[in-house]
Every structure is written in C-alpha cells, then in structure tokens.
Amino acid sequence: MSFATLGLAPALADAVTQIGYETPTAIQAAAIPAALRGADVLGSAQTGSGKTAAFALPMLHALLGAKRERTGLYGLVLVPTRELATQVGEAIRKLVQQLPQPVKVSIAFGGVSINPQMMALRGGTDIMVATPGRLLDLLEHNALKVDRTAVLVLDEADKLLDMGFSEEIAKILGKLPAQRQNLFFSATFPPAVQALASRLLREPVRIEASADAAHEPDILQRAIEVDAPRRTQLLKQLVRQEKWSRVLVFVATKYASEHVADKLRRNGVRAEAFHGDFSQGARTEVLADFKSGRLQVLVATDVAARGIDIAELPVVVNYDLPRSPADYTHRIGRTGRAGASGIAVSFVSAETEGHFRLIENRQKKRVPRERVAGFEPVQQAAASPVSDPNGGVKGHRKSKKDKLREAAALAAQPKS
Ligand code: AMP
C-alpha cells in the first residue's frame, strides 16, 4: 500500500516521501480515505501510531484543492499540552514545507505571553493547533474566528479530559459551526471519553490502530523487583550497566522528581528533574538538553511528561508505578515509536506488586519479574492495614504524605 493509493493529491504523496515515510501506518491507511470522504473518524491510537499525519494529510489535501480564497480557519486541532501543540504543529509544517503552495499553520498554548500568538494570527490562518484554554483566550481577544471551521480534530482526547479541559472544550464546541467534520483520537476510552465521542461524532468510521503488526510499537516490557528505598541506586546501576543513552524516568511527585535527579547527579549521571513547576523557558531548555543528548536522564512527573515527543527514546522507567493502567499505556508509549524498539522498565516492590498485577491484567499481558544481583528485595508487603509502617492503608492509593515519607526514607539511604 502507498500514500498515493489512499486518494491523496500527488503533491502530498510526494511530500510524505520527501520526509521519509514509505508506507502508511495502520491508522493512516484507515483514517485517510475516510477523512477524504468527509466522514467523522473515531481513532483508537497511541502516540507513535502516525496519527498526526492521519488527520493532517486529509486537511492539507482539502486546502490544496480549495480554489477560492478561504476566509477563516479551515482546521482546528485541540491538544492537551504545550509540548504536543508544538510537536503536532511542527509536524504539519514539515509536510507543508514540501507543498507547492503555502498553507499557514499556527500554534498556540498557554503559559506564555498571548501577544506574539495574536500577532501571528493577523491575516488569518488555515490550521490552528492549540490547547483549549489558550484558544478560548484568543477567541475572546478576537484574534481568530472559528465560526467557519470545516474540520475539528481532538488529539489525545483522553488526556484533554484528564487535564480538566471538558468545560473549555464545551465552550469551543459552542462556537464552531454545527456542520463540520470531526476527527477524534484517543489512546484510551474511559466513559467520559466515550460520552464526548458520542456527543461529537456522527456515524464515525471506527479505527483501531493497533491492528497493524508491522507498525505496532515494539516495546519490551520489564519488571524489576526492588525495595522502594533502593530504587535510585538500582537506576544508577542500570543506566551504567545497560548503557542507556537516554532515559525518561517517571516519578509520582515533583519532590521525587527533584530528589531522584539530584541523587543521580551526585552519582555522576547527567540527570535533570522535569515537572509542572518549571517555567516555559526552563521546560524548553531541559527538553532541548535531553533531545541533544547533553542530558542522559530526565526524571519527570506524568503531567510534565505528557506530550513529550522525542524520536528514539530507547528507555522509559516507571520508578513509581503510574496510578492507572491507562497512564501505564501512555508512559510506555513514549518509547518504541515509529518502528523503533524500546524498553519499558517498571520497579515493583512488595507494596506495589498488587498494583502492577492490575496493570498487567488490564493489558492482558504478563511481564516476567526480574531481580538484579545486589538489589534483591528483602521487604515484605505490610500484612494488614494497621501494621503498614508508613501508615498508609494497603490497597488504597498512596497519599501525598505517604509519598513524601517514601521519598524521605529514600533520602536517608546511605550514598554509594
Ligand atoms: P505520531 O503518532 O503522529 O506522533 O507519529 C509518530 C512518529 O512516526 C513521528 O515521528 C512521525 O514522523 C512518524 N511517522 C508517521 N507516519 C509515518 C509513516 N507512514 N512511516 C514512517 N514514520 C511515520
């Protein structure tokens, strides 16, 4: 199968070849013809499946074919994070650069001054990639009109709702024309996402991206048993022994992010924390250092790590397990992109074993437990809620206090 056979304009088929895509991914092969027909699409797709091109190419196809001078926005892409806004916007611009005629792609997200974004919208735009809050701000400033938007894309709909954007999305929907095409992508489909999809979509074409084994991310899942206080030491050893060039480490709290990064640095590992308290400038700088390889280990919270797109991220580590199986899927999906293979390592202790089983059950996949010499666990799970030394109730989510205690226990460990 080739891009040309999907019904795309020759200029677009050439453009994808120019940027190095040889064959369409599963989501592209299914979504592109449907979107070209004007159908709504409901795509179950992870980051790394090629979904950006799956929704961008049909939009560009329509814009290339449009004879008349367009007024107003053609395509609106809503994304949950600034990183994803940049990543998606830049990916579309890369395609546009190969086209014989200009298409204007704008990117907007909050946390930075709105003025440059308003200036950039002067004279209108064809495709807008934005986070919902900032888009509303721009609409309030009359920087943009969306009442003639032809295509709405919700990218990572589950994350959009997770991050509390449902009200903003409802407001935006109210400003869009009723007659439009909707392309809806989500990695997971909890009830809230299903409800939004059924409200938004009309007889959508349903697409499961994981159907195509050739493009399925190749992720080796590993689980290493280790006592919680020894995780940083183990991490340091693994980075060295397994010669991991670039590792994204997930932790549960900002505190842990700072703490683990600090401890790694003191052990000679080029590590940095990455969490929600960072200014936009600091985020950009840290990400650039990580991308360029100046930083070897990034210790991030889930929220901060959302939307980070780093080509060739070979390893992710669940230092703290994610709360939900859906978050696990998202985390490990950060590696093994676009045909590359990746490794996802989870640290599992006696206390978190039960939770990891839940994750395994949900993904219907067992991950063999490993032990590393010198790091064999000695701690036992608390026998009853009352005897839990941390005071947490077993089987319940860790409280903030529990996590701080855990981090403090870790800090008290002797340095090597
Ligand atoms: P996405 O899921 O859209 O974030 O895309 C993930 C990665 O796959 C990006 O780095 C894309 O450049 C790449 N990609 C998308 N489509 C293809 C394709 N058909 N062939 C090879 N790589 C692709």
Side-chain angles (χ1 to χ4, degrees), residues 1-8 12-36 41-61 75 77-99 105 107 127 129 151 153-160 183-188 207-219 246 248 287 290-291 305-314 316 329-342:
M1 177 165 332
S2 73
F3 280 96
T5 58
L6 298 180
L8 289 168
L12 280 166
D14 289 348
V16 287
T17 310
Q18 286 296 323
I19 62 172
Y21 301 174
E22 284 169 13
T23 53
T25 65
I27 193 103
Q28 290 162 0
I32 291 171
L36 289 176
V41 168
L42 176 58
S44 162
Q46 318 265 349
T47 315
S49 58
K51 63 187 158 64
T52 313
F55 62 72
L57 289 169
M59 288 200 280
L60 294 173
H61 176 94
V77 183
L78 293 179
V79 295
T81 63
R82 11 181 162 189
E83 280 80 18
L84 200 61
T86 311
Q87 177 197 318
V88 168
E90 293 300 341
I92 304 176
R93 282 177 180 163
K94 216 160 120 188
L95 287 167
V96 166
Q97 273 166 15
Q98 308 295 332
L99 299 181
V105 181
I107 300 171
I127 296 176
V129 184
V151 183
V153 179
L154 288 196
D155 193 13
E156 299 202 3
D158 49 356
K159 286 290 153 205
L160 278 164
L183 310 175
F184 190 106
F185 295 91
S186 194
T188 58
I207 299 166
E208 280 269 0
S210 56
D212 182 10
H215 283 282
E216 202 169 290
D218 175 15
I219 302 169
R246 210 173 309 177
L248 179 59
L287 276 185
F290 191 50
K291 281 186 190 180
R306 255 166 220 162
I308 295 180
D309 178 49
I310 295 165
E312 291 172 51
L313 179 57
V316 299
T329 308
H330 270 286
R331 284 185 179 185
I332 71 168
R334 302 280 156 219
T335 183
R337 299 263 175 106
S341 60

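In each ligand, atom 1 is the first atom listed, and ligand 1 is the first ligand listed. We use all heavy atoms of the structure for the numbers below, so side chains are in, but hydrogens, waters and symmetry mates are not.
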For [X] versus [Y], what's the shortest heavy-atom pair and its separation?
X	Y	result
Val129	Gly89	CG2-CA, 3.9 Å
Ile332	Val316	CA-CG2, 4.0 Å
Leu60	Leu95	CD1-CB, 3.9 Å
Leu313	Arg246	CD1-O, 3.9 Å

| N or O contact, Ala53 vs ligand 1, cut-off under 3.5 Å | no

| request: Ignoring angles and geometry beyond distance, decide whether Glu22 reaches within less than 3.5 Å of ligand 1 through its nitrogen or oxygen atoms. | output: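 No, there is no polar N/O contact under 3.5 Å.
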
| said: Would Val88 count as a contact residue for ligand 1, given that I'm defining contact as a non-hydrogen atom of the residue lying under 4.0 Å from a ligand atom? | reply: no

| field | Side chain, backbone, both or neither: Phe3 near ligand 1, heavy atoms under 4.0 Å | value | side chain

| said: Heavy-atom pairs closer than 4.0 Å: do any link ligand 1 to the side chain of Val16, the backbone, both, or neither? | reply: neither

For [X], counting its heavy atoms only, list the atoms of ligand 1 lying under 4.0 Å from any of them.
X	value
Thr52	1 (P), 3 (O), 4 (O)
Gln87	4 (O)
Thr23	18 (C), 19 (N), 20 (N)

| field | Within residues 41-60 or reaching into it, pairs that qualify as salt bridge (charged side-chain N to carboxylate O under 4.0 Å, His left out) - sequence neighbours excluded | value |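 Passing the test, one end in residues 41-60: Lys51-Asp155, Lys51-Glu156.
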
| query | Among all residues two or more places apart in sequence or in another chain, which pass the ring pair (Phe, Tyr, Trp, His ring centres under 6.0 Å) test with Phe185? | reply |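 Applying ring pair (Phe, Tyr, Trp, His ring centres under 6.0 Å) to Phe185 gives Phe55.
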
